[in-house]
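A, B, ... follow the sequence lines: proteins, then strands. Residue 1 opens every chain. FYI, side chains are in, hydrogens and waters are out, and symmetry mates aren't considered; it's all heavy atoms of this structure. Since the model is a prediction, treat every value here as computed from it, not as a measurement.
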Amino acid sequence: MWSVIKCKVNDLFFCINTPCIRRPELLHDPGCFNQILHNRHKLQQRETKATNMTLYTELLSLQPMSKRVRVRFAPSPTGGLHLGGVRTVLYNYLFAKHHGGEFILRIEDTDQSRYVAGAEDYIFKCLKWAGLEPDESPLHGGQFGPYRQSERKATYRQYAEQLIKEGHAYYAFDTPEELEKMRLDFKTEQNPAPQYDRSVRLQMRNSLTLAADEVKKLLGEGTRHVIRIKMPDAHETVTFTDMIRGEVSFDTAVVDDKVLLKADGMPTYHLAVVVDDHLMKITHAFRGEEWLPSAPVHVLLWKYLFGLEQMPQWAHLPLILGPNGKLSKRDGAKYGFPVFAMNWTDPKTNELTEGFKEKGFLPEAFINLLALLGWNDGTEQEVFTKEELVAKFSMERVHSGGAKFDYEKAKWFNHEWIKKSGAGSLVPEVKTLLAGKGINITDDALLTKVIELVKERCTLLTDFYEQSAFFFATPAQYDIAAVKPKWNAAKQLFFAELIRNYELATDWNATVLENNFKEIAAVNELKPGELMLPFRIMLVGGKFGPGVFDIATLIGKEETITRISKALAAFNS
RNA sequence: GGCCCGUUCGUCUAAGGGCUAGGACACCACCCUUUCACGGUGGUGAUACGGGUUCGAAUCCCGUACGGGCUACCA
């Protein structure tokens, strides 16, 4: 149950809704306390820190009632899951886990015309990859199912009918053509997008304008109709407190009569979100900022249907922006960065949109970079494990402004995570990647050593191919240009001698190899520096990679000698 | 057009009325490194503008500008 606490501070009353406090001692956690200040913005503006502390102390003396936190992510299965969607999932997940609550996934598939085969399955795969699996969903089950709105179709109509009975909604019989005509007729320069609202509804065909028996007759004949919410006639201000933005208000006179129940009997998002959030006992509802304009409709529905005190706390997350406004998959294609979590192929067009996973991102890095796009813990820490995020996340520290996605920084996060990961844990990924390029590895221990040696040079997982292929295959080509200009007979002789020396080596390790290399150079009066680069080209093929003697050690005596001989032939031709 | 939200280095952000506005990415320079990286040191670079409140404003208030979102029987 909600416990609504009224506090009087400096002659001002504050209403504080306490979310799930299963354990009162959690109140001692300042982060948790922040969470409780439903209307902290007001407090922030008018009160001093000291007063806040007084309030805090007052709260401690109260016994908050417990209500388990339940949050939901409600995607519509119409295509790929993009950055913003995954971040919404993340914030839901972190918030739920931070408060010991549940994270629910509900499929909002009420628009049958937009149904896309495979999209739902794809969403689950993305969540699994990212490590953000729900506690309840169509796949995971739960006490509040079904979790697909299409399967809940029968539940919605009664709520719409109830609204009509109470005068908060009405039947509308207007055909699509009539609606189009209305929009055309009322369109002016001043009003380029006329709404179906209180100014026009009395000129349309609906149960407000038609006689009661006419309406009855139409309904009896099964005439196609929708149910629309009837926004209040008088100017009424709808206000709610957003966890991120503070108080937000709207004048109901400028909000239109949104359709609640469509002609096919399916609810629209507006009805479904309110009914299902209620039925599924959602305590906090997080969604993108693009939903803010329709929030007054939802608040009113809560008021009419279930009571405002039952309404979840809203948080409208800032948008993730691309180079030109709201991030779209087009931006990704245009600027060369992934937008979706995983590769998505549109089943109709066969168009492939690249995903972060396939681009070479580690799931840990992906959620880390997403978490920091709009949130920080107030310290200078930027690399967080999922566990740290769960422990530190709070909606209070989410930024209100939109964040432009920076692919360079995203790559930096991935690089940090590759460096941070143990070589062993990267083995499966790198193995699969190399196998895809025709390099099949059987020796995991060797691969682990290779990864350890090259991982700091890899920003994306896919970089492991270039950085480690030469450990498993003799270079097919050499960067001849880097060697040829300074190549001469003396160097030729040096490497011939090096082969003889290495053939006799009994102790094959980097130190011995380097010492022998330098001794022979000294005897021949050559500078080791001038010989290192050719040696590298012989072993690697190019001017990159870890220390040459480390490479020689790992590829082994036989292979090292083979590569020197082979390269010698190539350099001389 | 209307409504709503927002605005600190190019980008992500810190600073809850009080040091020289701090950090990270990117960029530049140097050091380390006989490759490429990692790492280290330093540097360039921001409170949109105008009023107000205040001893004092990035911070609170108002206005302007700019940016974004929404304006479907889509979500």
For C74(B), the Watson-Crick or wobble counterpart (both distances under 3.5 Å): none

Please determine, for C30(B), whether a Watson-Crick or G-U wobble partner exists with both distances under 3.5 Å, and give it or none. G40(B)

Would Arg114(A) and Asp111(A) count as a salt bridge (Lys or Arg N to Asp or Glu O under 4.0 Å) here? Give the steps. CA-CA 6 Å; Arg114(A) 294 213 308 161; Asp111(A) 186 353; 3.7 Å; yes

Base, sugar-phosphate, or nothing for Val248(A), non-hydrogen atoms under 4.0 angstrom? sugar-phosphate

Nucleotide paired to C55(B) in any strand shown, Watson-Crick or G-U, under 3.5 Å: G18(B)

Applying side chain to side chain contact (heavy atoms under 4.5 Å, CB included), name anything that partners Glu514(A), two or more places apart in sequence or on another chain. Lys518(A), Phe549(A)

Shortest non-hydrogen separation from Leu292(A) to Arg245(A) and the atoms involved: CD2-CD, 3.8 Å

Polar atoms only, N or O, under 3.5 Å: list the protein pairs with nucleotides 7-9 of chain B and their distances.
none

Find the distance Asn414(A):CG to C12(B):P and express it as a whole number of Å. 20 Å

Taking the P atom of each, how far is G16(B) from C61(B), in whole Å? 16 Å

Which value, in whole Å, describes the distance between the P atoms of nucleotides U7(B) and A48(B)? 9 Å

Hey, what do you get for CG (Leu317(A)) to CD (Glu290(A)), rounding to the nearest 0.5 Å? 9.5 Å

Going by salt bridge (Lys or Arg N to Asp or Glu O under 4.0 Å), name the residues that satisfy it together with Lys181(A), two or more places apart in sequence or in a different chain. Asp185(A)

According to ring pair (Phe, Tyr, Trp, His ring centres under 6.0 Å), who are the partners of His82(A), at least two apart in sequence or on a separate chain? none

Could you run down the sub-3.5 Å N/O contacts of the protein with nucleotides 39-50 of chain B?
unit_1: G39(B); atom_1: OP1; unit_2: Lys419(A); atom_2: NZ; d: 2.9

Minimum-distance nucleotide to Glu408(A) side chain [options: U11(B), A26(B), U35(B)]: A26(B)

Using whole Å, what does the distance between atom P of nucleotide G2(B) and atom CG of Asn191(A) come to? 10 Å

Interatomic distance at C1', G69(B) relative to C55(B), whole Å: 42 Å

Residue pairs, two or more places apart or on separate chains, that pass salt bridge (charged side-chain N to carboxylate O under 4.0 Å, His left out) and touch residues 255-273 of chain A: Arg201(A)-Asp257(A), Asp256(A)-Lys258(A)

Taking the six-membered ring of Trp417(A), is the NZ or CZ of Lys420(A) close enough (under 6.0 Å from the centre) and on axis enough (within 45°)? yes

Distances for protein N/O vs nucleotides 72-75 of chain B N/O pairs under 3.5 angstrom?
unit_1: C73(B); atom_1: OP2; unit_2: Arg183(A); atom_2: NH2; d: 3.4
unit_1: C73(B); atom_1: OP2; unit_2: Arg228(A); atom_2: NH2; d: 3.3
unit_1: C73(B); atom_1: O2; unit_2: Ala263(A); atom_2: N; d: 2.8
unit_1: C73(B); atom_1: N4; unit_2: Asp174(A); atom_2: O; d: 3.0
unit_1: C74(B); atom_1: OP2; unit_2: Lys262(A); atom_2: NZ; d: 3.0
unit_1: C74(B); atom_1: O2'; unit_2: Asp111(A); atom_2: OD2; d: 3.1
unit_1: C74(B); atom_1: O2'; unit_2: Arg114(A); atom_2: NE; d: 2.9
unit_1: C74(B); atom_1: O2'; unit_2: Arg114(A); atom_2: NH2; d: 3.1
unit_1: C74(B); atom_1: O2; unit_2: Arg114(A); atom_2: NH1; d: 3.4
unit_1: A75(B); atom_1: OP1; unit_2: Thr110(A); atom_2: OG1; d: 2.6
unit_1: A75(B); atom_1: OP1; unit_2: Lys262(A); atom_2: NZ; d: 3.0
unit_1: A75(B); atom_1: OP2; unit_2: Tyr269(A); atom_2: N; d: 3.2
unit_1: A75(B); atom_1: O4'; unit_2: Arg114(A); atom_2: NH2; d: 3.2
unit_1: A75(B); atom_1: O3'; unit_2: Glu108(A); atom_2: OE1; d: 3.3

Rounded distance in Å between the P positions of C60(B) and A14(B): 13 Å

When both hydrogen-bonding distances must be under 3.5 Å and the geometry is Watson-Crick or G-U wobble, what is G63(B) paired with, if anything? C49(B)

When the C1' atoms of C12(B) and C73(B) are compared, how many Å lie between them, rounded to an integer? 40 Å

P atoms of C28(B) and A37(B), separation to the nearest Å: 12 Å

For Leu369(A) and U13(B), give me the distance from atom CG to atom P, rounded to whole Å. 12 Å

Partner set under salt bridge (Lys or Arg N to Asp or Glu O under 4.0 Å) for Glu408(A), not counting sequence neighbours: Lys411(A)

Rounding to an integer number of Å, can you tell me how far Asp251(A) CG sits from C5(B) P? 13 Å

Length of the CG-C1' vector between Asp479(A) and U35(B), whole Å: 10 Å

So do Phe366(A) and Leu362(A) actually touch side chain to side chain, heavy atoms under 4.5 Å? no

Touch class at under 4.0 angstrom, heavy-atom based, for Pro546(A) against every strand present: base

Whole-Å gap separating P (C12(B)) and CG (Asn368(A)): 17 Å

pair_partner(C25(B)), Watson-Crick or wobble, both distances < 3.5 Å, evaluates to G10(B)

When you measure from the side chain of Trp412(A), which nucleotide among G69(B), U34(B), C25(B) comes out closest? C25(B)

Between Thr223(A) and Leu218(A) the two heavy atoms that sit nearest each other are OG1-O, 2.7 Å

Mind telling me if C9(B) is syn or anti? Syn here is a glycosidic angle within 90° of 0. anti

What residues form a salt bridge (Lys or Arg N to Asp or Glu O under 4.0 Å) with Glu236(A), not counting sequence neighbours? Lys303(A)

Quote, to the nearest angstrom, the P distance that separates G18(B) from A57(B). 11 Å

With sequence neighbours excluded, residues passing ring pair (Phe, Tyr, Trp, His ring centres under 6.0 Å) with Tyr115(A): none

For atom CG of Leu453(A) and atom C1' of C36(B), their distance in whole Å: 13 Å

Applying a 4.0 Å non-hydrogen cut-off, can you work out what Thr188(A) is touching in the nucleic acid: base, sugar-phosphate, or nothing? nothing

Between C12(B), A14(B), A37(B), spot the one nearest the side chain of Arg457(A), thanks. A37(B)

Proximity to RNA chain B (any heavy atom under 4.0 Å), residues of residues 370-383 of chain A only: Leu372(A), Leu373(A), Gly374(A), Asn376(A), Glu380(A), Glu382(A)

Taking only the C1' atom of each, what is the distance from G17(B) to U47(B) in whole angstrom? 15 Å

Closest non-hydrogen contact found for Gln149(A) with Ala272(A) is NE2-CB, 3.3 Å

Please list all pairs meeting salt bridge (charged side-chain N to carboxylate O under 4.0 Å, His left out) that have one or both residues in residues 523-538 of chain A, counting only residues at least two apart or in different chains. Lys491(A)-Glu530(A)

When you look at Tyr335(A) and Phe405(A), which way does the ring-ring contact (aromatic ring centres under 6.0 Å, His included) test go after all the steps? CA-CA 11 Å; Tyr335(A) 299 97; Phe405(A) 176 64; over 10 Å; no

Got a donor-acceptor pair under 3.5 Å from the side chain of Lys409(A) to the base of A26(B)? no

